[in-house]
Structures are given as C-alpha cells and as structure tokens.
K.L.:
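I have a structure here, written as structure tokens, and I will follow up with some questions on it.
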There are 2 protein chains.
Amino acid sequence: MSNKRKKLDPRVVRTRQMLRNALIELIGEKGYDSISVQDITQRATLNRATFYLHYRDKEDLLNQSIKDILTELVKGMKKSRLIDENITDSNGNVIRPLSDLVYVFEHVAQHEQFYKVMLGNKGQQRFLFRLLDVFVDVLNERLTHSMSNDIRPAIPKEILIQYAASAYLGVIAWWLRNDLPYTPEYMATQLTRLRVQHIQT
Amino acid sequence: MSNKRKKLDPRVVRTRQMLRNALIELIGEKGYDSISVQDITQRATLNRATFYLHYRDKEDLLNQSIKDILTELVKGMKKSRLIDENITDSNGNVIRPLSDLVYVFEHVAQHEQFYKVMLGNKGQQRFLFRLLDVFVDVLNERLTHSMSNDIRPAIPKEILIQYAASAYLGVIAWWLRNDLPYTPEYMATQLTRLRVQHIQT
DNA sequence: ATTATAATCAACAATGTGTTGATTAACAAA
DNA sequence: TTTGTTAATCAACACATTGTTGATTATAAT
C-alpha cells in the first residue's frame, strides 16, 4: 500500500487496519451516513482520541481506503494488459477473455467485502465514479489504438466509452450482489464477448 | 405526485416543496452526509420543528423525493412504450429510437437538477440502484417477449440485462455531467443502436 | 366569524464532535 | 536490558446537532 519513507510503526499499521476494517463493516451494516467516529473506534476496540491521531474525520479514513484499493487495481490491470492478443478465432468468436478484465474480477474477489459494501446500496457514490473512471481510461487507450474499420453509423466515441465502462461496473456490482456465482475467467469472457459486438478489437 | 384523499393544505404543500428543494440544493453543494436538519430548514426558511412535523429525518425526506420521481418515470415509460414498432429499416439500421428511451431522457431533462445531484459524485447510491432496477425491469419485459434468434454463444440473460441497464444509467449520468449536450431523441437513438447490437429486438 | 390545523418559538436532555493535557504502553536501537 | 521516542489511553472540555415538548401565532376552510 503506502510506503512512508521506510519507517512505519507496527502499532500504526495495526491501528489503521483496524479502523479501516471497522469502517467497512459498519458501512455494510448501517450505511456510511449514520456511522459516528465513536462507532468506528468502538468496533475497532480503540480509543476515540486515537482516531484523530490518524485521520481528520471518517471522510478522510474512507478516502484513504479508496485510494489504496484503486491504486492496486490500476497497477494490476496495467501489468496484465501486457500479455494481450489472440482474443478471437478465425470466425471472430471469443476464445479467451482480455487478461486485464480477468484481473479486475480477481482483484474484486480478493477484496470482496470492500467492493460488496462500496458497490452496494449503502456504498459511497464517489467510489463508484472513481472506479468508472478507471474503466473509462482503459477503454480510451484501447479505442485510440484501434480506430480501424468503421462500418456502423457513427456513435460518438465518448458515449460508446461511457456505455461500456458503466456496463462493466454494473456487471461487477451484480456479480458481487449474487456472491460471485461465476469464476473471474467466465465473467471476463462474457464481458469480452459483449465488447466485440460494438467495439472492434 | 401523491394524492392523499383529496385534502392537502396549501401550507403543507408549500412547506414540503421548500424542504425538498433545500435538500437537493444542499446535497449538490456539500454532499448528503454533512447536511443537518438545521441546514435544510434554514435554507428553506422554515422552523426546525416544522421539519419534524413532516418527516422523521433527512433520510425520510430523501426517500419520499426519490419515490415521487421514480413513480413518474415508470408511469411515463409505460405510457410511451405503447407506441413502439418499426425501429429498424430493411437493412437492420436504426431509423428511430425506442419511444420509452426518448421519454427517459425527456424526463431526466425535466428534472435536471434532481438527477444531476443524485447521479453525481455526491449523490446517494440508493437512488442510482433504484433507477437501475427500473431499467432492469423494462429490459426483462422486452427480453422475455422476444427470445427468438439465438445465434451467438449463450450469455446468461441476467448478465446481459445488467450490462445493458448499467450502460443506460452510465450514459445518462454522462449526459447530465456534460449539461445535456445532445437532444433526448439523439441520445435515445444512440442507445437504441447499441442495443440492437447485442439484443435482438 | 369561527373552528381547525399548520407553523413558530424557546427550551430540554441526549448524543456526537474535535481537542487537550497527563499517563501508560509499545517500539527500536544501543 | 536499558533508554529515548512515539503511539495509545483516558478523562474532561466547550460546542453543535438531534428529536421532542408545550404554549403561541398565523393561515386555511366552512
């Protein structure tokens, strides 16, 4: 996560981890709004004053957590994308999923609780939109790389990207709501299939 | 909106409307979380006690507003959908948009401030998901009506629906963020085009 | 004009906030 | 193991927000 010039007191690490876990738990239970700093420290079995030693308020705590998770996601996707080719066979059928999409689902599965809460009914919309931005960026890169055969009537690129990025997000949220009923590979394959129908790889 | 057995004191109507407007304004300004009942009544130039005469808390106030808007949306979409045929020409090209989609964009434009706030960064995720459900329901109806030519490899219907519904939602949110750069008809046409690429009308 | 009810106002206990200063506990390095 | 450093605890603080109350004023309907 965050390297602050080599030194990091284990007590600090422990405390922050406990606060974050407590926050996520509580958001899932009663929603972000009705949580007090008291609630968080109580759940984390820490003194309330300790909280203010690390974070300005619960807002601050949440933002830190979001930042860490998304940094990991972006890094992982970039790494996965290096090994991407041969998505379709000679008939244009999808034979394997885009590897960065697979990574996304694996990453989400690994942080299931966090994503379940944040992409659920009681989550924070800020996170949802920041995640959307990650997908938008990725799609933007892909689309600028491959603007070849334009057969279909022109749909503004921006709309196309928003369409697809939101669709990804929605499918992921559905996957979480249903307790990950399919494997990451399977999910990524479905999205890849839907993708090639309106975006030329 | 809501007809409560004919009688509705004009003072009540006025008060509730002022409270709702104040809430939406404030959500857009500083986010739902940091709003106090005091803030709301102050903005609405009403006494704080008056608030509790109408709503249990700010949660309650928000839920009422959401309910009213979505009821109007669903009703309008149902009405529009009665006049739906001849979407594509003989070549399969989209010549006009699905009429209920046009209505959606018109409705959103009419309540621009509300949707801008609720589908923006500081909005409430609850609303987003309830709106998503509206789209899911519509798509579900459509898909059960027309399960004909299955050429492509099977993608679970539920995934397909979540994909499309989320995509709609995302495009609408984008449209709002960019201050409605296209007409409702144009937007609906784009979505209709994207639709026919993976869902057979 | 009279009756009903909505809105105002001041006051209330209860809860949460953010901060402080003093104390105890845990860490890292010699 | 001892020692200096820093993290965590605890009690206490002034302050803001909450939800409710009872009495009063203002507005609507007949």
K.L.:
Tell me, for nucleotides 24-30 of chain C in 5' to 3' order, what letter each nucleotide earns: B for a base near a protein heavy atom under 4.0 Å, S for only sugar-phosphate near one, - for neither?
P.N.:
-BBSS--
K.L.:
Once you round to the nearest 0.5 Å, how far does CE of A:M18 lie from CG of A:L46?
P.N.:
5.0 Å
K.L.:
Kindly give the heavy-atom pair with the smallest separation between A:I69 and A:Y115, and that separation in Å.
P.N.:
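Where A:I69 meets A:Y115 most closely, the heavy atoms are CG2-OH, 3.2 Å.
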K.L.:
When you check the gap from the basic side-chain N to the acidic O, do A:E185 and A:R96 get nearer than 4.0 Å?
P.N.:
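So A:E185 does not pair with A:R96 through a salt bridge.
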K.L.:
Please work out which residues in residues 33-41 of chain B have a non-hydrogen atom less than 4.0 Å from an atom of DNA chain D and list them by number.
P.N.:
B:S36, B:V37, B:Q38
K.L.:
Using atom CZ of B:R14 as one end and atom C1' of C:dA6 as the other, report the distance to the nearest whole Å.
P.N.:
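So the CZ-C1' distance, B:R14 to C:dA6, works out to 12 Å.
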K.L.:
Extract, from 5' to 3' on DNA chain D, the first and final nucleotides lying under 4.0 angstrom from some heavy atom of chain B.
P.N.:
D:dT17 to D:dA29
K.L.:
Given that B:R48 and B:T15 both sit by DNA chain C, which one's nearest nucleotide is further toward the 5' end?
P.N.:
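Looking at DNA chain C, the more 5' nearest nucleotide goes with B:T15.
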K.L.:
Assess whether side-chain contact (heavy atoms from CB on, under 4.5 Å) is satisfied between A:L53 and A:T15, documenting all intermediate values.
P.N.:
CA-CA 10 Å; A:L53 249 43; A:T15 296; over 6 Å; no
K.L.:
I'd like to know if the side chain of A:T50 pairs up with that of A:N47 as donor and acceptor (distance under 3.5 Å, no hydrogens or angles considered).
P.N.:
no
K.L.:
So, taking the atom named CE in B:M77 and the one named CG in B:L98, what distance separates them when rounded to the nearest 0.5 Å?
P.N.:
9.5 Å
K.L.:
Less than 3.5 Å apart, any donor N or O on the side chain of A:N21 or A:E25 sitting next to an acceptor on the other?
P.N.:
no
K.L.:
In whole angstroms, how far is the C1' atom of C:dA6 from the CE atom of B:M18?
P.N.:
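In whole Å, C:dA6 C1' lies 14 Å from B:M18 CE.
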K.L.:
If you look at every strand shown and take non-hydrogen atoms under 4.0 Å, does B:R56 touch a base, only sugar-phosphate, or nothing?
P.N.:
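Answer is nothing: B:R56 stays at 4.0 Å or more from every strand.
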K.L.:
Mind checking what makes side-chain hydrogen bond (donor to acceptor under 3.5 Å, both in side chains) contact with B:E29, not counting sequence neighbours?
P.N.:
B:R43
K.L.:
It should be established whether B:H54 places a side-chain nitrogen or oxygen under 4.0 Å from OP1 or OP2 of nucleotide C:dA7.
P.N.:
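Affirmative; the distance criterion is met.
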K.L.:
Parallel, tilted or perpendicular for B:Y55 and B:F51, by the 30°/60° rule?
P.N.:
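Judged by the thresholds at 30° and 60°, the geometry between B:Y55 and B:F51 is tilted.
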K.L.:
When you check the phosphate oxygens OP1 and OP2 of C:dG18, does a side-chain N or O of A:Y52 lie under 4.0 Å from one of them?
P.N.:
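For C:dG18, OP1 or OP2 has a side-chain N or O of A:Y52 closer than 4.0 Å.
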K.L.:
Does a donor on one side chain sit under 3.5 Å from an acceptor on the other, for B:S36 and B:D39?
P.N.:
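Yes.
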K.L.:
Strictly by salt bridge (charged side-chain N to carboxylate O under 4.0 Å, His left out), give each pair with a member in residues 121-137 of chain B just once, sequence neighbours left out.
P.N.:
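Every salt bridge (charged side-chain N to carboxylate O under 4.0 Å, His left out) pair that includes a residue of residues 121-137 of chain B, provided the two are not neighbours, is B:E59-B:R126.
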K.L.:
Parallel, tilted or perpendicular: which one describes the rings of B:Y168 and A:Y163, with boundaries at 30° and 60°?
P.N.:
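Aromatic pair B:Y168/A:Y163 classed tilted.
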K.L.:
Determine which bases of DNA chain D form Watson-Crick or G-U wobble pairs with both distances under 3.5 Å, and write the result as a 5' to 3' dot-bracket string with | for other-strand partners.
P.N.:
||||||||||||.|||||.|||||||||||
K.L.:
Checking B:H54 against B:Q64: is there a side-chain donor and acceptor pair closer than 3.5 Å?
P.N.:
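B:H54 and B:Q64 do not have a side-chain donor-acceptor pair below 3.5 Å.
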K.L.:
Specify the separation, in whole Å, of atom CZ of B:R16 and atom C1' of C:dA7.
P.N.:
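Rounded to the whole Å, the gap is 13 Å.
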K.L.:
Is NZ or CZ of B:K58 both nearer than 6.0 Å to the six-membered ring centre of B:Y32 and within 45° of the ring axis?
P.N.:
yes
K.L.:
Once you round it to whole Å, what is the distance between C1' of C:dT17 and NZ of A:K58?
P.N.:
12 Å
K.L.:
Tell me: OH of A:Y55 to P of C:dT17, nearest whole Å?
P.N.:
17 Å
